[in-house]
There are 2 protein chains.
Amino acid sequence: MSKRKISIEDIARQAGVSHSTVSRALRDSPLISAKVREEIKKLAQEMNYVPNAIAQSLQNQRTYTVGVVVTSIADPFFGELVEGIEQVAKQAGLNLLLSASHGDFEQEIAAIENFHYRRVDGILIADSRISKHYTQQLTPFTVPTVLINIDTEDKDDIFHSVAIDDRLGGSLAVEHLIKLGHNAIGYLGVGDGSKAEQQRLEGYKMALNQAGLPQNPDWVAIFHRDQETINDIDIGKKMLSQLVAAGVTGIFCYNDMVAVGALLACKELGISVPQDLSLVGFDNIALASYITPPLTTVSQRMSEMGEVAMTMLLDLFQGKTVENQILSPFLVKRASSATVIVRKNSAISV
Amino acid sequence: MSKRKISIEDIARQAGVSHSTVSRALRDSPLISAKVREEIKKLAQEMNYVPNAIAQSLQNQRTYTVGVVVTSIADPFFGELVEGIEQVAKQAGLNLLLSASHGDFEQEIAAIENFHYRRVDGILIADSRISKHYTQQLTPFTVPTVLINIDTEDKDDIFHSVAIDDRLGGSLAVEHLIKLGHNAIGYLGVGDGSKAEQQRLEGYKMALNQAGLPQNPDWVAIFHRDQETINDIDIGKKMLSQLVAAGVTGIFCYNDMVAVGALLACKELGISVPQDLSLVGFDNIALASYITPPLTTVSQRMSEMGEVAMTMLLDLFQGKTVENQILSPFLVKRASSATVIVRKNSAISV
DNA sequence: CTGTTAGCGCGTTCAT
DNA sequence: ATGAACGCGCTAACAG
């Protein structure tokens, strides 16, 4: 903003009218003769007038901006989410202020306070790093806020939320394996203590129960975190063997990265997927469809999630009462899962 | 902003001073006695005062906000870029206004005008959809702007840029194959008419020249676009066979997706990589490291690109003169490329 | 229909 | 060291 832009007063002077006449003309006020309105609009055009949103915001008490906090922008997962958010925001004439928290609680709080400072009209938060802290730290919050995929325990009147039905997702994965004839089905988890993992595991158990299939503690392998420095792929790699040793023929993995890790471990161990072992992931990341074999997985459609969350925010702006949403994931069948091949001899060789 | 937040006047009234005293106290003005300064700060804290960035901006003529236009947020490529941008922006106390153009020229212009309207301090554009149009449409632009990976032809005084050295990238890929003993090296391109492709091809030729290796028109396969509806993977799939038929033992692919397509075609044709054929990609997308075999590729480090671009913008804010940057890519060696195996008989079988 | 005035919240000069 | 007054650019209430 080195050169100050021209204002409505500049064009008022030029037109020989008052600045409020210009303001009205530009806003298509009915209180203006059609003639001067067109004249002024033309003049504004000629003078390259660009209205000042800052001044308008100060007056309107509305910034037409929403703040978005995600863990990481580089994560394709959140990328899709933001894409969905952006799409409906743009359509509604709203702008996005984006901030990454990198899973750090401090940074997340800082981002939210910054949004507050900038007087955003609403806030979207997609980050699992939070919990009850919210209730304390963010109490003085009057800005409409929608939490995405976050365990929202209380404060239902202030915080709204949209989340995925992880239990359903787990069930879908396991039911799929059951249909394929598996009856020794394992679960491979990362042990991050998240509600998501807890519920996917629940879905796993539920599906087994419902099918009357046996359950075995040895079939559930959840990584024990001593240090935070391990990634999901390596978890999958490490944990696979013990499940195989326990005799499972199909495994539901907490997410796709874990499944990819398991797949890599299979290759090293000479276990062929899906002939010897079926794998099902969760998330449907892009990688899932390109890897060999392509991964059967539960898909979340993050962009839809973003759209729903942003739409919810729009409803809140209009004073509507909104209900927390739980989105249903769905199964994407690919080549990493197949019907069980019964072979008495080769089974021993594993 | 349903409930109006408290202002400096509110806390001035409470403290029994004028609002300008409060303003000064909060900004650590030396014109204030240390005592009242602390008192007022404490009071502000108690009253949950949050300064109004909008009002400040109107006064300062500075929004501490930069606008970012990318083709797609969901694209991991741009995700990384934005992550880099965001990181240095945050550190400098700047905010990001994000917008996606989806490769649509209209949307891109609209985004930029919107940024203009919102009085951003600077703009970053990462989208290839543009060209000379800029010179015309965006002439009245006084906002510091940095173009990322865009052919910036003229207007060097207004637009600044950071881009990758595609020619060097092409050379690196081909030199690598040469070192491995290949002497019939092909290029597989998408034919999108971009400067990037043109320069990567140039790098390919340059490397061959420099090594004194033969060149053959049949070794360069560039897809001819009749319709826009084909993706890079399918291009790679389609074009591979003709290069193989031409007798190449190594192929430099325009990007990783093309290389992945080529790889899939190899699997179908029974060509084993890297034993029969070496493949090198470009971009180093996440997928490249997970596919089988992992892909040798030229890496761009988009996050660095974002950091550099944002840093350049910061320099511009400080009135420094900046130079357009060209970043050097580097080779990432993986299992899709290997030394040539000379075998007289099997060579015929291809 | 149009002009005058006030105020959104804040920073800053000009007095004192 | 502090208060009064003005302006950033715009919208809206109030006069005419």
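In what follows, chains are A, B, ... by sequence order, proteins preceding strands, each numbered from 1. Since we're looking at a predicted model, the values are computed, not measured.
- Using a distance-only test at 3.5 Å, with no hydrogens or angles considered, no donor-acceptor pair links the side chain of K195(B) to the main chain of N149(B).
- Counting non-hydrogen atoms under 4.0 angstrom, S20(B) reaches a base of the nucleic acid.
- For dT11(D), one of the phosphate oxygens OP1 or OP2 lies less than 4.0 angstrom from a side-chain nitrogen or oxygen of S23(A).
- Side-chain N/O atoms of R119(B) and base N/O atoms of dG9(D) include no donor-acceptor pair closer than 3.5 Å.
- Nearest to the side chain of I32(A), among dG9(D), dT2(C), dG7(C), sits dT2(C).
- When the shell of 6.0 Å around CD of E38(A) is examined, it contains more than 12 heavy atoms from other residues, nucleotides or ligands.
- Of the side-chain N and O atoms in S18(B), one or more sit less than 4.0 angstrom from OP1 or OP2 of dG3(D).
- Annotation: of the two residues near DNA chain C, P51(B) and L31(B), the 5′-most nearest-nucleotide partner is P51(B).
- A cation-pi arrangement is present between R62(A) and F317(A), with the terminal nitrogen or guanidinium carbon under 6.0 Å from the aromatic centre and inside a 45° cone about the axis.
- For dT11(D), the base has a donor-acceptor partner in the side chain of H19(A) [N/O atoms by modelled type, under 3.5 angstrom].
- Counting distance only, with no hydrogens placed and no angle test, the side-chain atoms of R24(B) and the base atoms of dT13(C) include a donor-acceptor pair under 3.5 Å.
- Distances shorter than 4.0 Å separate some side-chain N or O of Y49(A) from OP1 or OP2 on dC10(D).
- With hydrogens and angles ignored, no donor-acceptor pair closer than 3.5 Å exists between the side chain of Q56(A) and the base of dG9(D).
- If you check every strand for non-hydrogen atoms under 4.0 Å, R27(A) touches sugar and phosphate atoms only.
- Inspection of the S29(B) and R37(B) side chains reveals no N or O donor paired with an N or O acceptor under 3.5 Å.
- Taking 4.0 angstrom as the limit, T21(B) places a side-chain polar atom (N or O) nearer than this to OP1 or OP2 of dG3(D).
- For Q59(B) against dG9(C), a side-chain-to-base donor-acceptor contact under 3.5 Å is absent.
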